[in-house]
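Working notes, beginning with the structure itself.
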Amino acid sequence: VETRRKVMQRPAQEYKRILRVMTAHAIHYGDRGVSFVCKKGPNAVDVCTPRDSSTTNNIQSLLGNRLAREILEINTSKDLLIGTNETASIRISGRISNPNYSRKKSEFIIFINHRLVDCRRIRRAVEATYAAYIPRKTYPFVYLSLELPPHMVDVNVHPTKSDVHFLNEDAIVGMVEKCVQDKLEGTNSSRTFTSS
């Protein structure tokens with residue numbers, strides 16, 4: 001399509017985007033028995049994850065041993081009051097880096113109801129939580145998966161439907177923030193520091 005061709009960048013840049021999406025899906029579906037393979041040419045395999053792998057194993061093979069050693073697992077579910085007598089069950093799972101790990105570039109992966117999206121409010125809240133634990137101008141690794149009733153998710157806030165908002169957004173963002181905060185607080189006593 002001509003319009004799409006105009007906004008596309010060079011092939012190398014487009015391939016980087018493809019790799020980001022494939023890597024995110026390989027991490028998300030790691031515990032779900034799905035295998036991913038992405039290769040640029042016949043001999044160059046950039047993403048290859050086995051069907052019987054795990055999320056942590058896929059993080060290790062795709063993003064490195066250093067990150068895999070510093071991973072914390074999140075797995076919680078809570079009922080959220082969304083009306084006078086109505087509650088909604090919300091499940092938060094994923095992997096985040098502990099305070100010993102930081103990187104120069106942000107690596108933030110979020111799936112809502114198994115769909116790769118962006119949620120700026122959750123990203124900002126999580127990065128603000130990490131600000132007390134990692135050096136300035138560095139970022140954590142964050143992979144989060146939220147499962148909640150579909151009627152609570154508004155996907156019509158961006159033309160590409162990549163950005164989402166929620167019903168009871170403050171409560172949901174607060175829940176994610178608290179979940180990350182509790183996990184980081186539990187590891188604060190085991191920090192390691194390097195000196196030069």
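Side chains are part of it too, since the values below use all heavy atoms of this structure and drop only hydrogens, waters and symmetry mates.
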| Residues in salt bridge (Lys or Arg N to Asp or Glu O under 4.0 Å) with Glu107, at least two apart? | Arg103

| Spatial distance of atom CZ (Phe108) from atom CZ (Phe141) [nearest 0.5 Å] | 10.5 Å

| query | With hydrophobic residues grouped by side-chain heavy-atom distances under 4.5 Å, do Ile18 and Val45 end up in a single group? | reply | no

| Set of residues satisfying side-chain hydrogen bond (donor to acceptor under 3.5 Å, both in side chains) with respect to Ser145, sequence neighbours excluded | none

| said: Checking Arg123 now: which residues fulfil salt bridge (Lys or Arg N to Asp or Glu O under 4.0 Å) with it, not counting sequence neighbours? | reply: Asp118

| task | List the steps, then state whether side chain to side chain contact (heavy atoms under 4.5 Å, CB included) holds for Ile110 with Ile112. | result | CA-CA 7 Å; Ile110 185 163; Ile112 309 290; 4.0 Å; yes

Scan the side chains in residues 173-181 for donor-acceptor partners under 3.5 Å anywhere in the protein, sequence neighbours excluded, and list what turns up.
{"residue": "Lys178", "atom": "NZ", "partner": "Asp182", "partner atom": "OD1", "Å": "3.3"}
{"residue": "Lys178", "atom": "NZ", "partner": "Asp182", "partner atom": "OD2", "Å": "2.9"}
{"residue": "Gln181", "atom": "NE2", "partner": "Tyr133", "partner atom": "OH", "Å": "2.9"}
{"residue": "Gln181", "atom": "NE2", "partner": "Glu185", "partner atom": "OE2", "Å": "3.0"}

| task | Please assess Ser97 against Tyr139 for the test side chain to side chain contact (heavy atoms under 4.5 Å, CB included), listing each intermediate value before the final yes or no. | result | CA-CA 10 Å; Ser97 56; Tyr139 300 91; over 6 Å; no

| field | Residue pairs, two or more places apart or on separate chains, that pass side-chain hydrogen bond (donor to acceptor under 3.5 Å, both in side chains) and touch residues 72-81 | value | Asn75-Arg91

| said: Once rounded to the nearest 0.5 Å, what's the spacing between atom OG of Ser102 and atom OH of Tyr130? | reply: 10.5 Å

| query | Taking only residues at least two apart or on different chains, which pairs with a member in residues 20-42 satisfy salt bridge (Lys or Arg N to Asp or Glu O under 4.0 Å)? | reply | Asp31-Arg95

| With Phe111, which residues qualify under ring pair (Phe, Tyr, Trp, His ring centres under 6.0 Å), at least two apart? | His25, His28

| request: Please step through side chain to side chain contact (heavy atoms under 4.5 Å, CB included) for the pair Ile172 and Leu146, ending with a clear verdict. | output: CA-CA 10 Å; Ile172 292 170; Leu146 274 70; 3.9 Å; yes

| request: Would you indicate whether the side-chain heavy atoms of His114 and Glu147 approach each other to under 4.5 Å? | output: yes

| Roughly how far apart are Ile122 CD1 and Ile92 CD1, rounded to 0.5 Å? | 8.0 Å

| said: Could you work out, with side-chain hydrogen bond (donor to acceptor under 3.5 Å, both in side chains) as the rule, every residue matching Asn85, not counting sequence neighbours? | reply: none

| So how far is it from Asn100 CG to Arg66 CZ, rounded to the nearest 0.5 Å? | 9.5 Å

| field | Shortest non-hydrogen contact from Ala125 toward Thr129 | value | O-OG1, 2.9 Å

| request: Go through the steps for Ile134 and Tyr101 under the test side chain to side chain contact (heavy atoms under 4.5 Å, CB included), then give the verdict. | output: CA-CA 8 Å; Ile134 61 176; Tyr101 179 89; over 6 Å; no

| Can you get from Met22 to Leu116 by hopping between Ile, Leu, Val, Met, Phe, Trp and Tyr side chains that sit under 4.5 Å apart? | yes

| Can any side-chain N or O of Glu169 pair as donor or acceptor with the backbone N or O of Phe166 at less than 3.5 Å? | yes

| request: State whether the side chain of Ser35 and the backbone N or O of Thr49 hold a donor-acceptor pair below 3.5 Å, judged by distance alone. | output: yes

| Qualifying residues under side-chain hydrogen bond (donor to acceptor under 3.5 Å, both in side chains), relative to Ser53, sequence neighbours excluded | Asn58

| field | Thr55 OG1 to Ile71 CD1 distance, which is reported to the nearest 0.5 Å | value | 10.0 Å

| query | Nearest 0.5 Å, what's the CD1-CG distance between Ile96 and Leu184? | reply | 4.5 Å

| query | Mind checking whether Tyr15 and Val37 sit in one hydrophobic cluster, side chains of I, L, V, M, F, W, Y counted as touching below 4.5 Å? | reply | no

| Side chain of Asn113, backbone of Pro149: donor and acceptor closer than 3.5 Å? | no

| field | With Asn57 via side-chain hydrogen bond (donor to acceptor under 3.5 Å, both in side chains) - residues at least two apart | value | Ser54

| task | For Glu14 and Arg17, run salt bridge (charged side-chain N to carboxylate O under 4.0 Å, His left out): C-alpha distance rounded to whole Å, both residues' side-chain angles, the deciding distance at 0.1 Å, then the answer. | result | CA-CA 5 Å; Glu14 292 298 323; Arg17 287 181 179 179; 3.5 Å; yes

| said: Tell me the closest heavy-atom pair linking Leu62 and Ala26, and the distance in Å. | reply: CD1-CB, 3.7 Å

| Partner residues of Leu81 under the side-chain contact (heavy atoms from CB on, under 4.5 Å) criterion, sequence neighbours left out | Thr87

